[in-house]
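Computed from heavy atoms alone, side chains included, the values below leave out hydrogens, waters and symmetry copies. From a predicted model like this one, the values you see are computed outputs, not experimental measurements.
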Amino acid sequence: GMQYSNTGMRQMLVLAMQNLYDNKYHLDQNKAALYISNTNLPWSFKIFYGIICDLVAICGSSKRSYVVLMGLFQTVALLIVPLFPGMTAADVMWVTTVYSIGGAFMEVVCQGMMVVECRKDPKYGSEDLQTFAWCMYGIGGTFACFMQGWLCTKWPDGKGALICYLITGVFTGILGD
């Protein structure tokens, strides 16, 4: 459930990136849109992440080890942005793309784990777990949007967006691992 909340919190980063590209880097809309679309590209390859985690076991586990590994991957990527304020807009895009790779990979792994759990209760398992997952996604997304709106309104010069990266990185590290 916490991974779905983390996935919902990803909305904070989308809005934070828009804020950074507009207010700190002063990118034109076309370039900002290109950078944001590049960070979403890893989500297109989810089928390959599923194949990799099914075929390559880490420490004897084909699922749980990937959750820990990708959670660390995401956390480190997100913490780089606020800790190195001299980054260029392209640097922010690449680091956020690394975060997206970890997030997309982890979502595939969690979906696979949910399928296994659903099979334990053939009558209600699927409905109950899907409802729980989507509720957590909604809670994470709603919280993230409110936080991002408040932080980027309070500090419109890009500092609020960097705080959003920091918060999402910490939440991912705590809840995703």
Side-chain angles (χ1 to χ4, degrees), residues 1-22 36-37 39-46 49-50 53 61 63-83 92 95-156 158-177:
M2 290 297 115
Q3 170 52 27
Y4 285 93
S5 180
N6 283 340
T7 303
M9 285 194 65
R10 184 175 181 277
Q11 301 311 313
M12 183 186 296
L13 289 183
V14 173
L15 298 170
M17 277 189 300
Q18 291 172 344
N19 182 279
L20 274 176
Y21 293 152
D22 186 36
I36 291 170
S37 67
T39 62
N40 290 318
L41 195 60
W43 290 83
S44 303
F45 303 108
K46 287 173 58 175
Y49 307 147
C53 82
S61 171
K63 302 268 190 254
R64 297 194 194 289
S65 296
Y66 280 103
V67 171
V68 172
L69 181 65
M70 292 301 146
L72 290 172
F73 201 57
Q74 287 182 289
T75 301
V76 170
L78 288 177
L79 294 179
I80 287 173
V81 175
L83 295 177
V92 171
V95 169
T96 308
T97 301
V98 168
Y99 161 79
S100 291
I101 291 168
F105 203 113
M106 195 182 317
E107 184 169 310
V108 168
V109 172
C110 288
Q111 287 171 347
M113 290 168 48
M114 191 154 60
V115 167
V116 170
E117 292 301 314
C118 286
R119 290 182 180 159
K120 292 179 181 177
D121 182 3
K123 188 171 183 180
Y124 298 110
S126 179
E127 292 85 7
D128 292 346
L129 281 174
Q130 282 296 98
T131 300
F132 176 70
W134 282 103
C135 285
M136 293 304 291
Y137 184 86
I139 289 168
T142 302
F143 171 76
C145 288
F146 280 117
M147 285 298 296
Q148 190 280 336
W150 179 73
L151 289 168
C152 288
T153 301
K154 187 168 176 79
W155 293 291
K159 189 185 295 183
L162 294 176
I163 294 169
C164 291
Y165 268 84
L166 186 64
I167 290 170
T168 308
V170 170
F171 267 81
T172 301
I174 293 170
L175 301 177
D177 292 348

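Nearest approach of Met106 to Met70, heavy atoms of both residues: CE-C, 3.5 Å.
Under the side-chain contact (heavy atoms from CB on, under 4.5 Å) criterion, Pro42 pairs with Tyr49, Thr97, Ser100, Ile101, not counting sequence neighbours. Among residues two or more places apart in sequence or in another chain, the side-chain contact (heavy atoms from CB on, under 4.5 Å) test is passed with Leu83 by Leu79. Under the side-chain contact (heavy atoms from CB on, under 4.5 Å) criterion, Val98 pairs with Phe73, Ala77, not counting sequence neighbours.
Going from atom CE of Met17 over to atom CG of Leu20 covers 9.0 Å, rounded to the nearest 0.5 Å.
Taking 4.5 Å as the limit, every side-chain heavy atom of Tyr66 sits out of range of all side-chain heavy atoms of Val108. For the pair Tyr21 and Ile36, the minimum side-chain heavy-atom distance is below 4.5 Å.
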Can you give me every donor-acceptor pair (side chain of residues 143-151, partner residue at least two apart or in another chain, under 3.5 Å) with its distance?
| unit_1 | atom_1 | unit_2 | atom_2 | d |
| --- | --- | --- | --- | --- |
| Gln148 | NE2 | Leu15 | O | 3.4 |

